[in-house]
> 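Could you have a look at this structure, given as structure tokens, before my questions?
Residue numbers start from 1 in every chain, and the chains themselves are labelled A, B, ... in the order their sequence lines are given, proteins ahead of strands. Only this structure's heavy atoms are used, side chains among them; waters, hydrogens and symmetry mates stay out.
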Protein chains: 2
Amino acid sequence: MEASFEGLKQELKKRDINLSYQRLKVLEYLTLNRCHPTVDQIFTNLHRDIPTLSKTTVYNTLRILQEAGLIKVVTIEDNETRYDIDVEDHGHFKCKLCGKIYDFHTDMSSLTFDDLSNFRIDSKDVYFKGICPGCLSNIKENKRRG
Amino acid sequence: MEASFEGLKQELKKRDINLSYQRLKVLEYLTLNRCHPTVDQIFTNLHRDIPTLSKTTVYNTLRILQEAGLIKVVTIEDNETRYDIDVEDHGHFKCKLCGKIYDFHTDMSSLTFDDLSNFRIDSKDVYFKGICPGCLSNIKENKRRG
DNA sequence: ATTCTATTTTGTAATCATTACAGATATATA
DNA sequence: TATATATCTGTAATGATTACAAAATAGAAT
């Protein structure tokens, strides 16, 4: 687990971001928890290991990592900003019932759209919403039982 | 302008939403201002005509209209919830420089993605970010002038 | 038109996420 | 080790949104 630390350090150095214990820990958390955590989740979990950790530091770190292109912000819902270590193009599906966010692979280049040739497109995000298989089967189960 | 009121009333009645002056005005504002306004923009503008209007009412109304499927929430940015009267599938492009949000037509059905056949997909959103033509030419202009 | 009931609106207070800021701490360099 | 710089921390401030109760309004019944 601590082994990947070296790799993360390289990533930060490559981008001229000074390494600090807090920054490495945030990055490590995102690497190990690919569930698109919120700031609060990150803070609460890291706080167990680092009792002096401040939420401000988590915010600052996430901003720096995002500006460096190491992480992506997921704004699929308006009341909860989430963070994703996977910066490759992919889609996000949010289940309305359990709230879980699922990754799915999509080929963004397959998407046809109006002529935007005079626009400089830097990023593309695809967000789906609906109900996941687990919650769907729960619904069916409840119906059967009445 | 007031002529479209009748049409909007029908829309509300069809969905069992009681009509009130405030609700009609919010809906009318969104119909006439298709720039994906924020709550604050809607409130500030309507407040000129309706001095007693409360921001809470704007929030309540937007929630009701959204639940009825009459409007869509645009969460392309994490710090500003925006509202769109156009509920048909289409993409949103946000310019990083001027902040303006542009609509563009896309064919969502052209997008290829992983097997989600066990998921119930209710909505699809496509968000692009980058720089719009106007801001791009401003950049060029500034460079030329040094 | 008047009364009654249910719904909606309003305004304030509470909540929650995020940012600003300044002092304390840690890091890198000489 | 001393010094300068960058980072972290904790509190306070901000801004968006929600909760809530009283006031106002709309629609139905008389």
> Considering only Ile, Leu, Val, Met, Phe, Trp and Tyr, and joining two whenever side-chain heavy atoms are under 4.5 Å apart, list the other residues clustered with Ile121(A).
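Same cluster as Ile121(A): Phe93(A), Tyr102(A), Phe104(A), Met108(A), Leu111(A), Phe113(A), Leu116(A), Phe119(A), Val126(A), Phe128(A), Phe93(B), Tyr102(B), Phe104(B), Met108(B), Leu111(B), Phe113(B), Leu116(B), Phe119(B), Ile121(B), Val126(B), Phe128(B).
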
> Which other residues end up in the same hydrophobic cluster as Ile101(B), if Ile, Leu, Val, Met, Phe, Trp and Tyr are linked when side-chain heavy atoms come under 4.5 Å apart?
Val74(A), Ile76(A), Ile101(A), Tyr127(A), Val74(B), Ile76(B), Tyr127(B)

> Which heavy atom of Asn118(A) sits nearest to which heavy atom of Pro133(B), and what is that distance?
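Looks like O-CG, 3.3 Å.
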
> Out of dT8(C), dT9(D), dT10(C), which has the shortest distance to the side chain of Ser54(B)?
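Shortest atom-to-atom distance from the side chain points to dT10(C).
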
> In whole Å, what is the span from the CD atom of Glu77(A) to the P atom of dA16(D)?
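Taking CD of Glu77(A) and P of dA16(D), I get 19 Å after rounding.
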
> Given atom CZ of Arg63(B) and atom P of dT8(C), what is their separation to the nearest angstrom?
11 Å

> Strictly distance-based, threshold 3.5 Å: is any side-chain N or O of Thr57(B) a donor or acceptor partner for the main-chain N or O of Leu53(B)?
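Checking the backbone N and O of Leu53(B) against the side chain of Thr57(B), no donor-acceptor pair under 3.5 Å is found.
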
> Ignoring hydrogens and geometry, is there a side-chain-to-backbone donor-acceptor pair from Gln41(A) to Thr38(A) under 3.5 Å?
yes

> Could you encode protein contacts along nucleotides 13-30 of chain C as a string, one character per nucleotide from 5' to 3', using B for base contact, S for sugar-phosphate-only contact and - for no contact, with a heavy-atom cut-off of under 4.0 Å?
----SBBBB---------

> Report yes if a side-chain nitrogen or oxygen of Arg23(A) is closer than 4.0 Å to either non-bridging phosphate oxygen (OP1 or OP2) of dC8(D); otherwise report no.
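It does, given that an N or O in the side chain of Arg23(A) lies less than 4.0 Å from OP1 or OP2 of dC8(D).
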
> The helix from dA1(C)-dT30(D) to dA30(C)-dT1(D): angle between its terminal axes, five pairs each, to 10°?
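Terminal axis comparison yields 30°.
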
> Among all residues two or more places apart in sequence or in another chain, which pass the side-chain hydrogen bond (donor to acceptor under 3.5 Å, both in side chains) test with Arg34(B)?
none

> Sequence neighbours left out, what passes side chain to side chain contact (heavy atoms under 4.5 Å, CB included) with Asn79(A)? Give chain and number order.
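Counting only residues at least two positions away or on another chain, Asn79(A) forms a side chain to side chain contact (heavy atoms under 4.5 Å, CB included) with Glu77(A).
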
> Can you check the Leu65(A) CG to dT7(D) C1' distance for me, whole Å?
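Whole-Å distance recorded here is 14 Å.
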
> Which whole-number value in Å describes the distance from His47(B) NE2 to dG11(C) C1'?
11 Å

> Please report the distance, rounded to the nearest Å, between NZ in Lys25(B) and C1' in dT8(C).
18 Å

> Under a 3.5 Å distance rule, please check whether Arg82(B) uses its side chain to pair with a backbone N or O of His36(B) as donor and acceptor.
yes

> Taking only the side-chain nitrogens and oxygens of Gln22(A), find out if one of them lies under 4.0 Å from OP1 or OP2 of dT9(D).
yes

> Tell me whether Thr75(B) contacts the main-chain N or O of Thr75(A) through its side chain, where contact means a donor paired with an acceptor under 3.5 Å.
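Checking the backbone N and O of Thr75(A) against the side chain of Thr75(B), a donor-acceptor pair under 3.5 Å is found.
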
